[in-house]
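A quick write-up on the structure given underneath.
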Amino acid sequence: MLEKLNPLFDLAGRIFIAILFVPAGFSKITGYSGTAGYMEAMGVPGILLPLVILVELGGGLAILAGWQTRIVAFLLAGFSVVSGLLFHFQPEDQMQMIMLWKNIAIGGGLLFLVANGAGALSLDRRSSRA
């Protein structure tokens with residue numbers, strides 16, 4: 001019985017992942033200067049912020065729609081792990097380390113999308129039928 005629900009589970013999983021990235025990307029647009037300043041304070045050039053917005057907002061929307069899912073999920077997995085290491089690797093701060101492991105876990109979840117694709121309810125599946 002659960003196999004019949006797999007398309008809905010795939011869609012729900014993509015929605016849950018997108019809920020993380022889409023608002024984060026949008027908030028970086030609305031708080032552009034503050035985010036750029038934070039990035040620079042952490043040693044990351046603020047000039048990279050448009051790329052970060054593209055990855056988070058564009059990648060999140062692509063995952064939501066199930067478009068180019070394997071490629072986008074691979075990129076987001078790498079982004080999640082690298083950003084976790086850059087911004088949260090602070091062994092003396094337990095909360096920051098929890099945030100790092102959260103980013104690594106998100107990367108792991110995204111790798112499931114890389115391995116399995118978006119599922120039946122996706123643009124990827126629709127375009128493969130054409």
Side-chain angles (χ1 to χ4, degrees):
M1 174 172 152
L2 284 179
E3 263 187 46
K4 291 182 181 183
L5 296 175
N6 277 349
L8 295 176
F9 292 147
D10 289 334
L11 176 61
R14 291 195 337 265
I15 291 169
F16 290 173
I17 290 172
I19 285 172
L20 177 68
F21 289 102
V22 172
F26 185 74
S27 73
K28 287 173 178 63
I29 294 170
T30 59
Y32 194 93
S33 62
T35 302
Y38 175 70
M39 288 173 63
E40 289 175 1
M42 298 301 288
V44 178
I47 195 142
L48 294 176
L49 184 52
L51 179 60
V52 170
I53 293 169
L54 176 66
V55 168
E56 287 185 338
L57 186 56
L61 291 171
I63 292 292
L64 181 64
W67 180 75
Q68 299 293 316
T69 304
R70 287 188 160 123
I71 295 167
V72 173
F74 181 77
L75 295 173
L76 282 172
F79 173 81
S80 295
V81 172
V82 169
S83 64
L85 290 168
L86 288 172
F87 294 99
H88 300 301
F89 183 74
Q90 299 173 29
E92 69 285 350
D93 186 336
Q94 182 181 9
M95 184 55 68
Q96 288 301 319
M97 292 306 289
I98 290 169
M99 299 295 283
L100 168 64
W101 291 115
K102 172 203 58 107
N103 276 46
I104 291 171
I106 291 164
L110 286 159
L111 291 178
F112 275 93
L113 281 175
V114 173
N116 299 301
L121 302 174
S122 68
L123 292 178
D124 287 345
R125 182 64 56 94
R126 183 176 208 143
S127 67
S128 70
R129 290 184 187 163

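Atom set for the values below is all heavy atoms of this structure, side chains included, hydrogens, waters and symmetry mates excluded.
- In this structure, the separation between NE2 on His88 and CE on Met95 is 11.5 Å, given to the nearest 0.5 Å.
- Contact annotation: the side chain of Met42 never approaches that of Leu86 to less than 4.5 Å [non-hydrogen atoms, C-beta and beyond].
- By the neighbour-count criterion of 12 heavy atoms within 6.0 Å, atom CZ of Phe74 is sparsely surrounded, having that number or fewer from other residues, nucleotides or ligands.
- For Phe112, the CZ atom counts as loosely surrounded, since its 6.0 Å shell holds 12 or fewer non-hydrogen atoms of other residues, nucleotides or ligands.
- The side-chain heavy atoms of Met39 and Phe87, taken from C-beta on, include a pair separated by under 4.5 Å.
- Within the model, atoms CG of Leu61 and CG of Leu54 stand 10.5 Å from one another, a figure rounded to the nearest 0.5 Å.
- Considering Ile15, Leu123, Ile19 in turn, Ile15 is the only one that fulfils the side chain to side chain contact (heavy atoms under 4.5 Å, CB included) rule with Leu64.
- With a 4.5 Å cut-off on side-chain heavy atoms, Leu110 and Phe21 count as touching.
- The number of heavy-atom neighbours closer than 6.0 Å to CZ of Phe9, taken from other residues, nucleotides and ligands shown, is above 12.
- Side-chain contact between Phe79 and Leu75 is absent, with no heavy-atom pair separated by less than 4.5 Å.
- Separating the OG1 atom in Thr69 from the CG atom in Asp124 is a distance of 3.5 Å, to the nearest 0.5 Å.
- Under a cut-off of 6.0 angstrom, the local environment of CD1 in Ile47 is sparse, with at most 12 non-hydrogen atoms contributed by other residues, nucleotides or ligands.
- Hydrophobic clustering (side-chain heavy atoms under 4.5 Å, transitive across Ile, Leu, Val, Met, Phe, Trp, Tyr) groups Leu49 together with Leu51.
- When each of Leu111, Val81, Leu20 is tested with Ile106 by the rule side chain to side chain contact (heavy atoms under 4.5 Å, CB included), just one qualifies, namely Leu20.
- By the rule that hydrophobic residues join a cluster once side-chain heavy atoms approach within less than 4.5 Å of another member, Leu85 and Val44 end up as members of separate clusters.
- Nearest heavy-atom pair across Ser83 and Asn103 is OG-ND2, 3.4 Å.
- Here the side chains of Leu121 and Asp10 are not in contact, with every heavy-atom distance at 4.5 Å or above.
- Taking both residues in full, the closest heavy atoms of Ser80 and Gly107 are given as CB-N, 4.2 Å, listed atom of the first, atom of the second, then distance.
- Heavy atoms only, all atoms of each residue included: Ser122 and Ala118 are closest at CB-CB, 3.5 Å.
- The shortest non-hydrogen separation linking Ile53 to Lys28 is CG1-CB, 3.8 Å.
- Taking each heavy atom of Phe89 and Leu100 in turn, the nearest pair found is CD1-CD2, 3.7 Å.
- Atoms CE and NZ, from Met97 and Lys102 in turn, are 13.5 Å apart once rounded to the nearest 0.5 Å.
- Minimum interatomic distance between Ala73 and Leu113 (heavy atoms only, all atoms of both residues): CB-CB, 3.7 Å.
- Val82 and Leu57 fall within a single hydrophobic cluster, where Ile, Leu, Val, Met, Phe, Trp and Tyr are joined by side-chain heavy atoms under 4.5 Å apart, directly or via other members.
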